[in-house]
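Read through the structure below, which is laid out as C-alpha cells, and then see the notes.
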Amino acid sequence: MSKTKVTAEEALAFHLEPTPGKFEITATVPMTTQRDLSLAYSPGVAVPCEAIAANPETAYDYTNKGNLVAVISNGTAVLGLGNLGALASKPVMEGKAVLFKRFADVNSIDIELDTEDPDEFCRAVRLMGPTFGGINLEDIKAPECFIIEQRLKEEMDIPVFHDDQHGTAVICAAGLINALHLSNKKIEDVKIVLNGAGAAGIACLELLKSMGARHENCIMCDTKGVIYQGRTEGMNQWKSAHAVKTETRTLEEAMVGCDVFLGVSAKGAVTPQMVASMADNPVIFAMANPDPEITPEEAHEVRMDAIVATGRSDYPNQVNNVLGFPYLFRGALDINARAINDEMKIACAHALAQLAREDVPDEVALAYGKNLTFGRDYIIPTPFDPRLIHRIPTAVAKAGMDTGAARRPIIDMEAYELSLKSRMDPTANILRGINARARAAQARMIFAEGDDPRVLRAAVMYQRSGLGKALVVGRESDVKAKLEAAGLGDAVREIEVVNAANTQHLNTYKTFLYDRLNRRGFDRADIHRLAARDRHVFSALMLAHGHGDGLVTGATRKSAHVLERINNVFDADAEHGCAGITALLHKGRIVLIADTLVHEWPDEEDLANIAERGAVVARHLGIEPRVAFVSFSTFGYPVSERAEKMAAAPKVLDRRGVDFEYEGEMTVDVAMNAKSQQAYPFSRLTGPANILVVPARHSASISVKLMQEMGGATVIGPILSGVDRSIQICSTVSTANDILNMAVLAACKVG
C-alpha cells in the first residue's frame with residue numbers, strides 16, 4: 001500500500017472549509033414553536049432540574065451526560081510534535097472528538113486547558129465533572145500525565161482515561177494475545193523487553209503484568225539503558241516500580257534471547273543484529289510514530305519467523321488506538337460506569353483478539369483489496385471492521401458490570417448488542433469500501449474541465465491520494481496559472497495536461513467521429529470543431545480509445561448539455577437503456593433515485609430498465625437492492641392514468657425474472673417507512689426500499705434538489721449506468737470534494 005501524500009495546503013483547506021474546525025452542535029429536539037421553547041427552556045426545564053436535584057442518577061435520563069465525553073489536553077505532548085501549548089493542540093482534540101463520533105457514536109467536546117500545573121489542571125477537570133459521562137485525557141507529557149490521571153481517578157465518579165497510556169496498552173495487549181497464540185507461547189513464560197519508559201510504555205507493561213506477565217521477566221529500557229534495581233540516574237517513581245534485578249545494562253544486551261520486544265521510542269532504535277539475537281518466533285511491536293524502531297522488511301530480512309506490528313497503516317498489524325478508546329467509552333457510558341478499570345481494558349483486549357481470529361466480512365476484504373485471514377500478518381482487526389461496534393462495547397460493559405463499576409447494569413445483553421448494530425452510519429463503510437477499491441484499481445482518470453479550479457483541485461487530490469493518474473484536459477499555461485492561484489503550483493508537474501494541440505491521436509479521434517456522425521449531417525469541419533474544441537467530446541474520445549480508464553465531467557455545464565455531447569461518442573441514451581442514478585446520503589441512510597438524467601418521460605419498459613440499472617449501481621455500492629416504483633397512488637388508489645405505468649413496470653420485471661426485490665406503485669412513505677409498510681402485508685418488499693424509481697425526470701430532479709436544500713442530504717451523482725465505459729457527470733454546484741467522489745466512483749466502474 002502506498003503512503004497517502006497530504007500537502008500542507010490540503011490539510012489547511014480541510015480544516016477551513018466548509019466552516020472552520022471539524023464539528024458543530026445540533027439540537028436533537030424540535031425548536032420551532034413557542035411550546036417547544038417553553039419545554040426546552042423556561043418554564044418546562046424546571047421539572048427535570050428538580051428531578052435531578054432529588055435523584056442525581058436521573059441526569060443520565062434527562063440530559064446528554066450519558067453519551068458525552070470531554071477530550072482534554074494542555075498541549076504539552078502533541079502528536080510527537082512536543083509542547084505546542086493548549087491552543088495549538090485544539091485541532092488534534094477536535095480530531096479526537098470526531099473519531100469518537102465516527103467509530104462509536106459517542107458525542108464529545110474538546111477542552112484545552114492553558115496550564116502546565118498538575119494541581120490547576122486537576123482542579124479544572126474535577127469541577128467540570130457533572131457535565132460529562134467520561135473524561136479522555138490526551139497529549140499530556142510524562143510524568144505529569146501519571147499524577148493527573150491518578151488524582152482524577154480518585155477524585156471523580158466518572159471514567160478518566162488517558163488514551164496515550166491505556167489506549168496503546170489495550171491494542172498492544174490484543175495483538176500480543178494473538179502473537180503468542182500463533183507462537184505457541186504463554187504470557188507468564190515469555191521474556192519481554194520494552195524500550196521507551198514514557199506514558200505508553202509504562203501503561204503497556206503494567207497492563208501485561210496484570211494479564212499474567214511476570215515482573216522478573218520484563219525489562220524496561222529508556223534512553224539511558226536498562227532500568228535495573230539500584231539505578232539512580234534519570235529515575236522516577238513510575239520507572240522504579242518496574243526496575244528488576246539484572247546484569248544487563250543496554251537494550252542490545254537485554255534483547256538477547258527475549259521473546260517479545262515492545263517499542264514506543266524512536267526510529268532506528270532496534271538494529272537487525274538485535275532482532276537476530278532474539279528467541280525463536282520473536283514478537284516485535286515497533287510502535288514508534290511516524291517511523292517504527294525497525295521496519296517489518298528489515299526485521300524479516302534477518303528473522304523470517306518474526307511476527308511484526310507497527311503504528312503505521314501501510315504495514316500489516318497496525319496498533320491503532322481507534323480500535324480501543326471509542327468502544328471502551330461506548331461500553332462504559334452505556335452502563336453509566338464510575339470508572340474504566342483494568343478488567344474492562346483486558347476484556348477489550350480479549351474481544352479484539354477474538355475478533356481477529358474469526359472470518360473477515362466480505363466488505364472488509366473488499367475495502368482492503370485482499371482477503372484477511374488470522375495469521376502472522378493479521379493479528380489485530382482493521383479499524384473499519386463493522387463488527388467492532390457491537391462486539392467490543394458488549395465485552396467492556398459485561399466486565400464493568402462483573403466488577404461493580406456499573407451504576408446501571410444492562411439487563412438484556414442481546415437487545416443491547418442489537419441497538420449497537422443499528423447505531424452506526426452504514427454510509428461511512430460503503431464510501432470507505434469504494435475508496436479502497438478505487439485505490440486498488442489505479443485508474444487513469446480523465447478530468448474534462450481543466451479550466452475550472454474545483455476540477456483542478458479534485459484532480460490533484462485524486463493523484464496525491466494515491467488513487468491513480470490524473471489526466472486533465474486543458475491548456476498547460478492556463479492549468480499552471482490556476483493551480484498557482486490555488487496554492488498548488490508544484491502539482492502541475494505531477495498531473496498530466498492533455499489537449500487537442502498536444503495529442504498525437506487527434507486524427508484517429510476525428511476519423512472515428514466522422515464515421516459515427518456523417519449520416520447525422522456532420523461534415524469534416526463540424527467534426528474538427530467537435531473533436532478539437534469541445535472538451536467534453538475530446539475527453540469522451542480519449543476514453544473511447546482507451547487513453548484513460550474513466551471520465552469525470554459536468555462541473556461547468558448542465559448535465560443535459562454534457563450528456564448530449566457525450567452521445568456524439570457513446571450510446572448513452574434512453575434507446576440504449578442508459579439511466580442516471582443519484583445517491584442521497586442522509587442521517588445514516590442511503591437511497592438511490594432513478595432516473596435523474598436520461599429519460600424525460602419513461603414508459604413501463606423504460607422504468608423496468610431503470611430499475612435494473614439501479615440494482616446494478618446498488619450492488620456495486622455493496623447494497624442489496626429493494627426497488628419501489630413510487631407515485632402519489634398506492635396499489636391503485638387513488639385511480640389515475642398518470643400512475644398506470646408505475647403499476648405496469650413491476651409486471652415487466654415479473655416477465656424478465658430479475659433477481660432483486662421490487663414492488664409498486666406506492667407512495668414514498670409506504671416505500672420507505674417500515675410502519676406504513678405494515679398496512680400492506682402482501683407487499684413483496686422485506687424492508688424499506690433503497691431504490692426509488694420515479695415517474696419522470698422532472699419528479700426526480702425536484703426530489704433530489706428538495707432533499708439537498710431542505711434536508712441537507714449529501715448528493716452523489718447522477719451516476720451514469722448502462723454505458724460500456726466508466727463516465728460520471730457531476731452537478732454544476734459540486735465542490736472539489738464532490739468531484740473527487742465522482743472520480744472515485746468512475747475508478748470503481750460503479751454503474
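Below, all heavy atoms of this structure are taken into account, side chains as well, without hydrogens, waters or symmetry copies.
Salt-bridge formation is not detected for the pair Asp534/Arg557: no Lys NZ or Arg NE/NH1/NH2 atom is positioned less than 4.0 Å from an Asp or Glu carboxylate oxygen. Electrostatic pairing of Arg656 and Glu605 counts as a salt bridge here, judged by a charged N lying under 4.0 Å from a carboxylate O. Glu709 and Lys705 are not joined by a salt bridge, as no carboxylate oxygen comes within less than 4.0 angstrom of a charged side-chain nitrogen. Comment: Lys482 does not engage Asp451 in a salt bridge, judged by the lack of any side-chain N to carboxylate O separation of less than 4.0 angstrom. Comment: Arg565 does not engage Glu449 in a salt bridge, judged by the lack of any side-chain N to carboxylate O separation of less than 4.0 angstrom. Under the 4.0 Å criterion applied to side-chain N and carboxylate O atoms, Arg684 and Asp654 are assigned as salt-bridge partners.
Using modelled atom types, one side-chain atom of Asn67 and one backbone atom of Asp105 make a donor-acceptor pair closer than 3.5 Å. Arg626 places no side-chain N or O within 3.5 Å of a backbone atom of Ala671 that could act as its donor or acceptor partner. Between the Asn567 side chain and the Ala572 main chain, a donor and an acceptor come within less than 3.5 Å of each other. In this structure, Thr667 contributes its side chain and Thr634 its backbone to no donor-acceptor pair below 3.5 Å. The backbone N or O of Gly466 lies less than 3.5 Å from a partner atom in the side chain of Gln442, making a donor-acceptor pair. In this structure, Arg535 contributes its side chain and Gly474 its backbone to no donor-acceptor pair below 3.5 Å. At distances below 3.5 Å, not a single donor-acceptor pair connects side-chain atoms of Ser633 with backbone N or O atoms of Val639. With hydrogens and angles ignored, the 3.5 Å screen pairs no side-chain donor or acceptor of Asn435 with any backbone N or O of Val744. A distance-only check finds a donor-acceptor pair linking the side chain of Gln728 to the backbone of Val750 [under 3.5 Å]. For Asp606 (side chain) and Asp603 (main-chain N/O), a donor-acceptor pair under 3.5 Å exists by modelled atom type.
The line from CE of Met445 to CG of Leu471 is 9.0 Å long, rounded to the nearest 0.5 Å. Note that the CG atom of Leu99 and the OG atom of Ser108 stand 9.0 Å from one another [nearest 0.5 Å]. Taking CE from Met646 and CG from Leu607, the interatomic distance works out to 5.0 Å, rounded to the nearest 0.5 Å. In this structure, CG in Leu68 is found 6.5 Å from CG in Asn107, a value given to the nearest 0.5 Å. Atom CZ of residue Arg454 and atom SG of residue Cys730 lie 8.5 Å apart, to the nearest 0.5 angstrom. Note that the NE2 atom of His599 and the CZ atom of Arg697 stand 10.5 Å from one another [nearest 0.5 Å].
Residues Leu740 and Leu467 have side chains in contact (heavy-atom distance under 4.5 Å, counting atoms from C-beta outward). Residues Glu663 and Tyr680 form no side-chain contact, since every pair of their non-hydrogen atoms from C-beta on lies 4.5 Å or further apart. The side-chain heavy atoms of Phe629 and Glu604, taken from C-beta on, include no pair separated by under 4.5 Å. Contact check for Pro326 versus Arg330: no side-chain heavy atoms found under the 4.5 Å cut-off. Side-chain contact between Leu563 and Leu720 is present, with at least one heavy-atom pair separated by less than 4.5 Å. Inter-residue side-chain proximity for Val569 and Leu543 is flagged as unmet; no heavy-atom pair is nearer than 4.5 Å. Side-chain contact between Ile495 and Leu483 is present, with at least one heavy-atom pair separated by less than 4.5 Å. Counting heavy atoms from C-beta on, the side chains of Ile719 and Leu592 never come closer than 4.5 Å.
Residue Asp110 is tested with Lys22, Lys96, Lys90 for a side chain to side chain donor-acceptor pair (under 3.5 Å); the sole match is Lys90.
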**OP:** Could you walk me through whether Leu621 and Leu745 pass the side chain to side chain contact (heavy atoms under 4.5 Å, CB included) test, one step at a time?
**Re:** CA-CA 9 Å; Leu621 296 176; Leu745 290 175; 4.1 Å; yes

Original post:
Should Leu420 and Asp334 be marked as a side chain to side chain contact (heavy atoms under 4.5 Å, CB included) after you check the CA-CA gap, both sets of side-chain angles, and the distance that decides it?
Top reply: CA-CA 10 Å; Leu420 289 171; Asp334 293 337; 4.0 Å; yes

**OP:** Tell me, with the steps shown, if Lys675 and Asp669 meet side chain to side chain contact (heavy atoms under 4.5 Å, CB included).
**Re:** CA-CA 9 Å; Lys675 216 169 189 158; Asp669 57 323; over 6 Å; no

Original post:
Checking side chain to side chain contact (heavy atoms under 4.5 Å, CB included) for the pair Ile389/Lys421: CA distance, chi angles, key distance, verdict?
Top reply: CA-CA 7 Å; Ile389 181 60; Lys421 278 183 186 174; 5.9 Å; no

Subject >> Trace of the side chain to side chain donor-acceptor pair (under 3.5 Å) decision for Asp36 with Thr33 >> reply: CA-CA 5 Å; Asp36 296 338; Thr33 65; 3.3 Å; yes

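In this pair, Phe384 and Phe103 present their aromatic rings tilted. The plane angle is within the 30 to 60° band. Between Phe100 and Phe329, the angle of the ring planes goes over 60°, which puts this pair in the perpendicular group of the 30/60° scheme.
When the shell of 6.0 Å around CZ of Arg619 is examined, it contains more than 12 heavy atoms from other residues, nucleotides or ligands.
Residues meeting the side-chain contact (heavy atoms from CB on, under 4.5 Å) test with Ala713, sequence neighbours left out: Leu584, His586, Met707.
Donor-acceptor pairing under 3.5 Å is recorded for the side chains of Asp738 and Thr735. Side-chain N/O atoms of Glu661 and Thr686 include a donor and acceptor closer than 3.5 Å.
Taking all atoms of both residues into account, the shortest heavy-atom contact from Val598 to Gly580 is CG2-N, 4.0 Å. The two residues Ala579 and Ile610 have their closest heavy-atom pair at CB-CG1, 4.1 Å. Scanning all heavy atoms of the two residues, the minimum distance from Ala438 to Cys748 falls at N-SG, 3.5 Å.
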